[in-house]
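Reckoned from all heavy atoms, side chains included, excluding hydrogens, waters and symmetry mates.
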Amino acid sequence: MAVPARPGHTTLTWPGPAAGGPFPSLKALTRWHQANSSHNIGDPGRRWRLTLGSPAPPSPALAAFTWEVKANNRAYHKQFRKKGFLCWRQKKYKSNAIHTAKYNFFTFLPMNLFEQFHRISNLYFLLIIILQGIPEISTLPWFTLFAPLVCLLLIRATRDLVDDIGRHRSDNIINNRPCQILKGKSFLWKKWKNLCVGDVVCLSKDSIVPADLLLLASTEPSSLCYVETADIDGETNLKFRQALMVTHRELTSPKKMASFQGTVTCEEPNSRMHHFVGSLEWNNRKYSLDIGNLLLRGCKIRNTDTCYGLVIYAGLDTKIMKNCGKIHMKRTKLDLLMNKLVIWIFISLVIVSLLLTLGFAFMVKEFKGKHHYVLALHARTEAVESFFIFWGFLILLSVMVPMAMFIIAEFIYLGNSFFINWDLNMYYEPLDMPAKARSTSLNDQLGQVQYIFSDKTGTLTQNIMTFKKCCVNGCIYDSDDEHGILRKRNPYAWNPFADGKLQFYNKELEHIVQGQQDTVVQEFWRLLAICHTVMVHEDDNQLLYQAASPDEEALVTAARNFGYVFRSRTQDTITLVELGEERVYQVLAMMDFNSVRKRMSVLVRNPEGSICLYTKGADTVILERLHKKGAMETTTEEALAAFAEQTLRTLCLAYKKVAEEAYKQWEPEHQEATLLLQNRAQALHQVYNKMEQNLQLLGATAIEDKLQDGVPETIECLKKGNIKMWVLTGDKPETAVNIGFACKLLSENMLILEDKDIKRLLENYWNESEQQRAFKMMTHHNIALVINGEFLDQLLLSLRKEPRALVQNAVVDEAPEEPVMSRMDFLQARRISQMWRNIGSSLTQSPSATSKIHESPEVRRERAFVDLASKCQAVICCRVTPKQKALVVALVKKYQQVVTLAIGDGANDVNMIKTADIGVGLTGQEGMQAVQNSDYVLAQFCYLQRLLLVHGRWSYMRVCKFLRYFFYKTVASMMAQIWFSMFNGFTAQPLYEGWFLALFNLLYSTLPVLYIGLFEQDVTAEKSLKMPELYVAGQKDELFNYSIFLQAIVHGMLTSLINFFLPVLVSSDFSKFGSSNDYQSFGVLVAISGLLSITLEVILVIKYWTLLCVGCIVISLASYVIMTSLTQSLWLFKISPKTFPFLFADYNVLSHPSSLLVIILNVALSTLPVLALRVIHRVVSKLRPKEEEVPSEEEEVVVEPAVRHLRRGIPARRSSYAFSHREGYADLITQGTILRKSMEDSISKSPNPSEEDLPPQQPPQHKESIFNPRKISILAKMKLQHHAKASQEEVHTSTSFQTEKQATLYLDPSDTLKPPSTPSATSVSSSDDQAFHSVPSRYTLESQPERLDVRSASWKGLPWKDPPSPKPSQLEVPKKQHSRTSS
C-alpha cells in the first residue's frame, strides 16, 4: 500500500522477511521497486521509503486527508455539508467569492451597536438616560443626554461604515475579475466568484491565479509553470511549479480536459503556505502530489503562455485567505484606560450618592419632627424618599463623566487625522501619494509604539538589484556614471546586445575588456556569463533573461553589457557571444548552489578543447580553496571588507584549468555519485569539493539591494526613541541579515544568535543554574536573534488553532543525531564557560522562574522566548508565512503588553497588519492589499519616522493634556453641587442655572479645550525629530495615567472648595442666602469664579500660543457674556419664567464691588498656589544633577570581554555574502526538462520502459529544520592564526533513524531508471539528501565528507554548546591550510 509518509515521499512495504532477517540485495530491491512503481507513478526526483518487515501503524495525520475533489463534477461537491452555527449546516466546499468586510446590510446595526457598547462610557450614559426617563427621580430632561449620545454613536458608526464600504468595494473588484472556466468542451470567460472546487481553469501569461489550483499542464516543456509570489512571500524572483507527467501527456486539449475524471484526496484547508500533501487517483492509478504541483491564489503567472489547473481550494479556503486573519476592533491604551476610569468614577459617584442620601434621611427625619404640619404633603415613607433621592443625586452628579468630552475627543481624533493627510513632508511626489489616516481613532496610540514589525521586500528595500562595483585582479572598479549622465548618451552603443537599464559603467574597465589583453578580466566576465542557471529567450529581437534570483540576472546582465553575452543554452552546451564572436562551451558538469555549499560551479570544455572550472560563491568558502594567497588575494579581501562596510552583497569569483587526465579520473567518481541510491547529495558534495580546490581568484562582485530612501536613518532614529525593530520576512536568512546590516538594524559589535542557540537557551531558561542567570545578565548587551519559520512553527503552539500533526509528521524523520563539533566551537565554548564561572556566582536568583511554575510548558517556552527577544536589540525572522507573522505579533502582545505596529506592502503582510495594534500599509509594487487593510497609508518607510515621532507624539500629548484638563474643569465646576447639598437639606437641588449647565461644556469652556486637542505643541516638529528621546514619555504612559488622573481630581476639588466656601466664609450673614434671590446670586458668584479659574488654568497649561489660541479664549468668555445676557433677559423671563428663572442675576452680582473682590480672591487662591508649586518643581528638577548609569565593576571588567569573545571570532572583516539563488534550476537544465529544443530528443533517447512509466520531474523542495540548522554565512568570522588547523568546510554530519521493527532504505526511482547518458548529468537532490547523512554504507563513496562547523545537540553544563568533536578522519579530502576558515 502506498502511504504518503511526508511531502514528497512514499512508503512501500517489502513483502520479504521481517525486520532482523537477511537484508535483500540492491538488485532485488531495484527489480521489486520497478515492478511495484505502478502503485505510485510520481516524479523522477521523488523519494521512496521502503520499510522491511511489518509495516508501521498509519500516522494519525492521515485522518486529516478528508478533502476530496472530483474534476468537472460540481454536483458532487454541492451535496456535502458541515456543521455551522447552532443547527445551521453550511457548505463544505466554499465558492470562490471572498468577503473580508465586517458588516452586511442586516448585521451592521446590531454588530456596530454591540461593538460601541463595549465602551463602558456608552453603557454608563445609557443607564443615566434610562434613569432620566423616570419622572420621580429625574432632575434633568432625558433628551439632554439622549441627543448627545445618539450624536456620538452616529459619528462612530459613520466612520466604521465608510471603512467597511471600502472593503466591500475591494471585495467586489476581486470577485468580479475575469477568468476562463471549462464549460462543456470549451473555456468560457466567467467571474472569479463563479469558480467552484473541481473546475478546470485556463490561465495565461501575467494573469493572477484565482484559487489554489493543481497544475495539470502548461505550454512550457514538461508542463513547467513560472510564478511570481510577491504577494505571498514578498519575493520577486520567479519560482517554478510542475504538473504531473501523466497529466502533461494526456491532457493536451480542452476536449480531453472535459473528459478528465480524476479525484484528488488531500489535507483539509489550512494556512501552511509551503506544505501540501495529497494524491491524484486517475484510471485506477495514484499519483502523489506536493506543494510543487500547486499554484496558490494570488500568484502571478510569468513567462508561461498558457497553463491549466484544477481548483482544489476556493475562496476563503485558499491558503492565502487562511493567512489573512480576521478584522479586529482596535482600541487604544487611553481608550481602555478610560473604560477603567469610568468604572471607578461610577463607583465613586454611587458612594457619594449613598453618603448624600444618608444625610438626606437624617435631615428629613429631623425636619418632619420639627414641622409635623407638612406631613400631609409627603405621603411617602422616609425609605422611599431616600431611595428616590439616591437616584436623583446619581443623575445630578452624572455630569462628572461628561458626554461632551467624548464628542469633542472624536473631533480631536478627526482633526489630527486630517493633519496627517495634509502633511507635505510625508507626500511622495513620484507616485503623487500623500500619507493617509484610514483610521481616525488610533492617533494617540501612534505616540506609544514600542515594537515595530516590518516586512523586508518592498518595505525596507525597493526590489531592485543593481550591479554596483567589482574588483578584478585586485583593482576596484566603481561606476563612472552615478548620476546617469553618461547613460543618456548610451556608452554601450558599441555592443548591440547591451541592456540600456544597467546603471554600472566604467570607462577604464571597458577599455581593458575591448583590448582583450588581460586574461583575468576576460575570465572574470566569461565566468559571469557561464556560471549561472539563467534561462534566455528572445522577444522582438531582445534577449530576455529569466533567473531564479535577481542577483543572477544582475550579474549576467553586467557581463552582457561588457561584451560577454549569454545567448542560449541546451542540455549540455552554453552559447556566448564574446565581443562579437560566438563561442559554444560544452557543459561537463553543473554543480548547483545550495545553502550548505554556498557556491556554484560549472565545469566546461571551451571551443579550443581545454577544460575550465568556473566557481562563484561566498568569500568565506572561495578564499580557502585558492591555490595560493598573494598580493592580489589580499587586495581582494580588503575590497570585500570595503564592500561589506557599504552593505553591498558580494560574491567571490575563481576559476582553474583542469587537466584532461584529472578530469578523466574525476568523471567516473562523479558519475558513480549521481547514481547512488542513498546519501547521493553527500557523495556529490564530496566529489564537487574534490574538483573545487586549488582555484585561482579572479575577483569579486558587489550588488546593491537598494534600500528605500532614508531607511537606515529612520531605523537609527526610531531606536533612539526606544522603539524595537523586528523584521519578519519570507526571504532566506543570508539575504535578510545582509539587509539588516545595510539598514543599520544590525551592527558589527552584535552577538547574533541563531535557531540552535535559542533552542538551547530556551531549554535551560527556567533552570536556576549559574550559567542561565549569567545569560540573563548578558542579554542586556548588544544581541540580535536570527530565526526561521520552522523554529517559530514549533514555538507558537498555544496561539495556533490548527492541528500540528501534519507539520510534525513532515519533519519527524529528519531529527539528526548529535553532529560533530569543530575545534573552533570547542574553544569558543570554553571561553563562554570561563565567563560564566567568573560572573555566575555573583548573580542573584531570578524570581521569574518560580512565579510562573503553574504555566504549561508551551506557555513557559513562549514567555521565555519573548523575554529573551525583548532584551535583544534586533530580531529577524526569516522564511515565515503570513500567519506566522501575525502569530509573532500576537505573541509579543500577549506577553509584553505593549503597543505594536506592523508595516508592510503586500498581501503576505495583511494578517500581521490586522493583528498589530496599528497597521501601516505601504503603496509598493505588490498591489494594494496591505493598504486596503491598514490603519495608515504611507508611500515610503522613512515617513514612519515623522508619523510616530511628530504626529504620534503630538497626538498622544494633546489627547492626554485634553483629558487631564477636561477632568479638572469638570470637577472644579461640578463638585460645588456636592458642597451645596450640605446647605440645601440634601435635596439634590441644582446650584447653577440650568442654561449654564447646558452651555458650560458646549460653549463656555469648549474652544480652549479643542485648541489643546488640535494645535498644542510642546516642541516643534524639527526638535521632535532631533530629540527622539522625547518619545519615551508615551511608551511609559507618563502624560496620562492613574496618578495624573488623581492629580486632576484633587486639583479640581481644591478649586471647587475655594470657589464655594470662600464666598460662604467671607459673607458676614449667611442667612441672606436663604431667599430665592440670594440663592441665585450665590450660584452666579460660584459659576463665574469657577469659569474664570478654569480659563486661567488653560492659559497656564497651553504652551503653543497663536492668534487662534487667543481668539478661542476671548470667544469663550464673550459667549458667556452674550448667552447670559440673553437667558437672564426680561423678555425671555416673560415668555417662560420656569425656563429662564435667573432674571438679571449676573447683573446684580457684578454690580456690587464686594462680589467682584470675592471673585478675584477666588481666582487668585485657586491659581497662585498651583503656579508656585509648578515653578518650584521645575527649578528643583533643573538643579537636581542627572543620574548617570555607571556600570558595575563586574559588568565592566568581566561581562563586556565575555560578550566580545562570544562573537563568532574577531571580525577583521564581515562577510557580506547574501546570494538569494536557491537550488533547483541546475537539475532542470542538465536533465533537459526546462529546455524546449531538447525535450523531445531526451525523451526519445531514454531507454526507460515506456513513456507512461516515466514519472514527471519534481522540483526539489529545500527544507530547513530547526533540528539541523545550517549556519548563516554572513555570520562567519575570520578565525585567529593559531586556529588555522581547524576544519575548513561545513558538511552536515550523519543522522540515523532507528526503529524496533523497521529498517528503512530510501530509494530514488529516477536513479534506477536513469541511464548514465552524459557525465554532466546530476541528480535531483531532495531535502533529506541535503542533510548529508554520513552513516557508513556500502552505497557511499569511500572518502569521508568534509566536516561541518555544526554544533552538537547537547553540551553538559552549557546552554547551547556541544561536546568537542573527535579527531578528524584520515579519509578526509586533503586541503591546503590557510589562515582563513569558513563558518
Side-chain angles (χ1 to χ4, degrees), residues 274 456 594-596 598 726-738 740 746 750-765 775 779 783-797 804 807-808 810-812 814-819 821-822 825 828-829 832 858 861-862 864-881 884-885 887-888 891 1206-1208 1218 1222 1262-1276 1290 1292-1293 1295 1327 1330-1332 1348-1355 1358-1362 1383:
H274 305 296
K456 181 189 75 69
N594 64 38
S595 57
V596 176
K598 301 182 180 67
W726 289 30
V727 175
L728 312 180
T729 176
D731 214 336
K732 63 186 298 183
E734 290 89 348
T735 307
V737 171
N738 190 265
L746 303 178
M750 278 187 176
L751 167 67
I752 301 180
L753 303 180
E754 307 165 42
D755 296 344
K756 197 170 183 179
D757 302 330
I758 301 167
K759 184 182 177 183
R760 302 289 175 255
L761 290 171
L762 297 185
E763 289 174 354
N764 294 274
Y765 185 84
F775 180 78
T779 51
I783 298 177
L785 302 185
V786 178
I787 54 184
N788 64 30
E790 291 187 353
F791 173 82
L792 292 174
D793 212 31
Q794 300 295 324
L795 176 72
L796 305 172
L797 295 178
R804 309 297 307 136
V807 174
Q808 292 170 357
V811 299
V812 69
E814 297 180 6
E817 291 182 346
E818 296 183 1
M821 185 180 180
S822 72
D825 275 339
Q828 183 175 329
I832 298 170
E858 293 82 6
R861 184 180 174 89
E862 290 173 358
F865 171 75
V866 175
D867 188 34
L868 169 64
S870 65
K871 294 181 176 68
C872 296
Q873 300 299 316
V875 177
I876 298 178
C877 302
C878 313
R879 290 294 186 214
V880 290
T881 64
Q884 285 177 328
K885 290 184 178 183
L887 291 176
V888 170
L891 190 72
L1206 275 170
R1207 298 199 303 273
R1208 312 266 163 94
R1222 66 181 82 175
H1262 176 65
K1263 180 183 295 184
E1264 300 169 13
S1265 171
I1266 65 168
F1267 301 108
N1268 197 4
R1270 48 148 177 75
K1271 295 178 65 177
I1272 303 172
S1273 67
I1274 195 68
L1275 308 179
E1290 292 188 15
H1292 285 282
T1293 56
T1295 64
S1327 58
Q1330 293 174 6
F1332 301 129
L1348 266 184
D1349 190 5
V1350 175
R1351 291 151 296 188
S1352 135
S1354 64
W1355 175 278
L1358 298 182
W1360 79 75
K1361 289 299 169 186
D1362 306 322
S1383 57

For A736 and C878, which heavy atoms make the closest approach, and how far apart are they?
CB-SG, 3.8 Å
Considering all heavy atoms, the nearest L795-R861 contact:
CD1-CG, 3.7 Å
Test log, rule side chain to side chain contact (heavy atoms under 4.5 Å, CB included), inputs I783 and K871
CA-CA 8 Å; I783 298 177; K871 294 181 176 68; over 6 Å; no
Starting at CD1 of I787, measure out to CG of L792 and round the result to the nearest 0.5 Å.
4.5 Å
Heavy-atom closest pair, residues V880 and Q884
CA-OE1, 3.2 Å
Would you compute the distance between atom NZ of K456 and atom SG of C877 and round it to the nearest 0.5 angstrom?
14.0 Å
To the closest 0.5 Å, what do you measure between CD1 (I758) and CG (L868)?
6.5 Å
If we ignore hydrogens and angles and just use 3.5 Å, is the side chain of N738 paired with the main-chain N or O of T735 as donor and acceptor?
no
CG/L728 to CD1/I876 distance, rounded to the nearest 0.5 angstrom?
10.0 Å
With rounding to the nearest 0.5 Å, note down the distance linking NZ in K759 to CD in Q794.
8.0 Å
Taken to the nearest 0.5 Å, the spacing of L746 CG from Q873 CD works out to 10.5 Å
D755 (side chain) donor-acceptor with N788 (main chain) under 3.5 angstrom:
yes
What are the two closest heavy atoms between M750 and A784, and how far apart are they?
SD-CB, 3.8 Å
